[in-house]
Amino acid sequence: MAYWLFKSEPDVWGWDHQVAKGDAGEEWHGVRNYLARNNMRAMKIGDLGFFYHSNIGKEIVGIVEICAESHPDSTTDDPRWDCVDIRAVRPLMRPVTLAEVKADPRLQEMALVKSMRLSVQPVTAEEWRIVCGLGGVDP
DNA sequence: GCCAACGTTGGC
DNA sequence: GCCAACGTTGGC
């Protein structure tokens with residue numbers, strides 16, 4: 001079981017869109033970055049991820065689950081780009097802002113802090129537990 | 001809207 | 001294969 005973090009601009013694709021897709025989930029397409037793609041290739045069904053809103057809000061708002069493993073990205077013919085499908089599991093009771101993450105000495109190693117621009121990031125079990133605690137949900 | 005960080009592209 | 005130019009991301 002691994003943990004991840006997905007970033008999206010909420011005015012393009014936000015948590016509400018994700019929730020509206022229900023259990024069927026949705027392709028996390030459009031990623032054109034090798035490191036982010038490699039992270040998706042490493043994902044297994046049942047892995048969990050945080051859903052982060054960049055630009056607007058700048059906060060972790062919910063938890064998603066991988067519901068389809070890596071497959072070709074349907075939005076391009078370029079064979080380099082794969083993606084997974086994710087579905088919304090539940091919102092955080094309280095969003096965890098980027099400022100909170102940056103201010104928490106236990107979270108200084110998070111990719112969200114150290115690799116700010118990476119759009120699909122790994123999260124450690126420890127970080128998962130801490131952020132869930134801040135967000136008011138069970139890990 | 002600005003600008004720093006950083007990934008990608010393309011010439012050599 | 002190196003590296004400068006360029007484009008994009010995303011916080012502020």
Side-chain angles (χ1 to χ4, degrees):
Chain A
M1 166 68 115
Y3 301 101
W4 310 94
L5 182 143
F6 296 86
K7 291 203 303 199
S8 186
E9 299 186 38
D11 51 348
V12 177
W13 183 262
W15 175 250
D16 290 344
H17 297 105
Q18 190 66 49
V19 169
K21 283 289 174 177
D23 287 344
E26 174 74 0
E27 244 189 3
W28 197 255
H29 52 231
V31 172
R32 301 291 182 266
N33 172 283
Y34 291 106
L35 203 48
R37 181 207 63 189
N38 291 346
N39 285 336
M40 289 197 287
R41 285 183 174 175
M43 293 176 189
K44 302 293 183 197
I45 287 179
D47 280 359
L48 297 175
F50 288 127
F51 194 105
Y52 175 80
H53 281 170
S54 63
N55 288 323
I56 301 168
K58 285 168 289 185
E59 56 194 9
I60 298 167
V61 293
I63 291 174
V64 295
E65 178 182 12
I66 311 307
C67 60
E69 291 180 13
S70 185
H71 57 80
D73 184 330
S74 71
T75 62
T76 178
D77 290 331
D78 192 327
R80 291 178 298 172
W81 305 119
D82 297 333
C83 62
V84 296
D85 291 6
I86 63 175
R87 66 177 184 85
V89 175
R90 62 178 169 221
L92 297 188
M93 295 288 291
R94 207 176 59 77
V96 177
T97 66
L98 179 62
E100 282 179 88
V101 170
K102 285 185 168 178
D104 194 315
R106 300 169 299 173
L107 297 175
Q108 294 310 296
E109 296 300 312
M110 269 193 89
L112 198 58
V113 176
K114 299 190 79 173
S115 308
M116 188 247 283
R117 293 184 52 194
L118 184 59
S119 61
V120 180
Q121 312 178 346
V123 173
T124 68
E126 174 86 356
E127 291 159 354
W128 184 266
R129 193 177 54 72
I130 294 167
V131 174
C132 283
L134 294 173
V137 296
D138 293 332

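Here is how names work: the chains are called A, B, and so on, in the same order as the sequence lines, proteins then strands, and each is numbered from 1.
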> Can you tell me if CG on A/Asp78 sees more than 12 non-hydrogen neighbours from other groups inside 6.0 Å?
Replying inline: yes
>> Check this for me: does any side-chain nitrogen of one of A/Asp82 and A/Arg37 sit under 4.0 Å from a carboxylate oxygen of the other?
In response: no
> Linking Ile, Leu, Val, Met, Phe, Trp and Tyr through side-chain heavy atoms less than 4.5 Å apart, which residues share a cluster with A/Tyr3?
Replying inline: A/Met1, A/Leu5, A/Leu48, A/Phe50, A/Tyr52, A/Ile60, A/Ile63, A/Val89, A/Leu92, A/Met93, A/Val96, A/Leu98, A/Val101, A/Leu107, A/Met110, A/Leu112, A/Val113, A/Val123, A/Trp128, A/Ile130, A/Val131, A/Leu134, A/Val137
> So, does A/Ser8 use its side chain to make a donor-acceptor pair with the main chain of A/Trp13 at under 3.5 Å?
Replying inline: yes
> Which nucleotide span of DNA chain B, 5' end to 3' end, has atoms closer than 4.0 Å to non-hydrogen atoms of chain A?
Replying inline: B/dA5 to B/dT8
>> Classify A/Leu98 by what it touches in the nucleic acid, base, sugar-phosphate, or nothing, heavy-atom distance under 4.0 Å.
In response: sugar-phosphate
>> I'd like to know whether A/Glu27 forms a side chain to side chain donor-acceptor pair (under 3.5 Å) with A/Ser74, so could you lay out the CA-CA distance, the side-chain angles of the two residues, the decisive distance to 0.1 Å, and finally the verdict.
In response: CA-CA 8 Å; A/Glu27 244 189 3; A/Ser74 71; 2.7 Å; yes
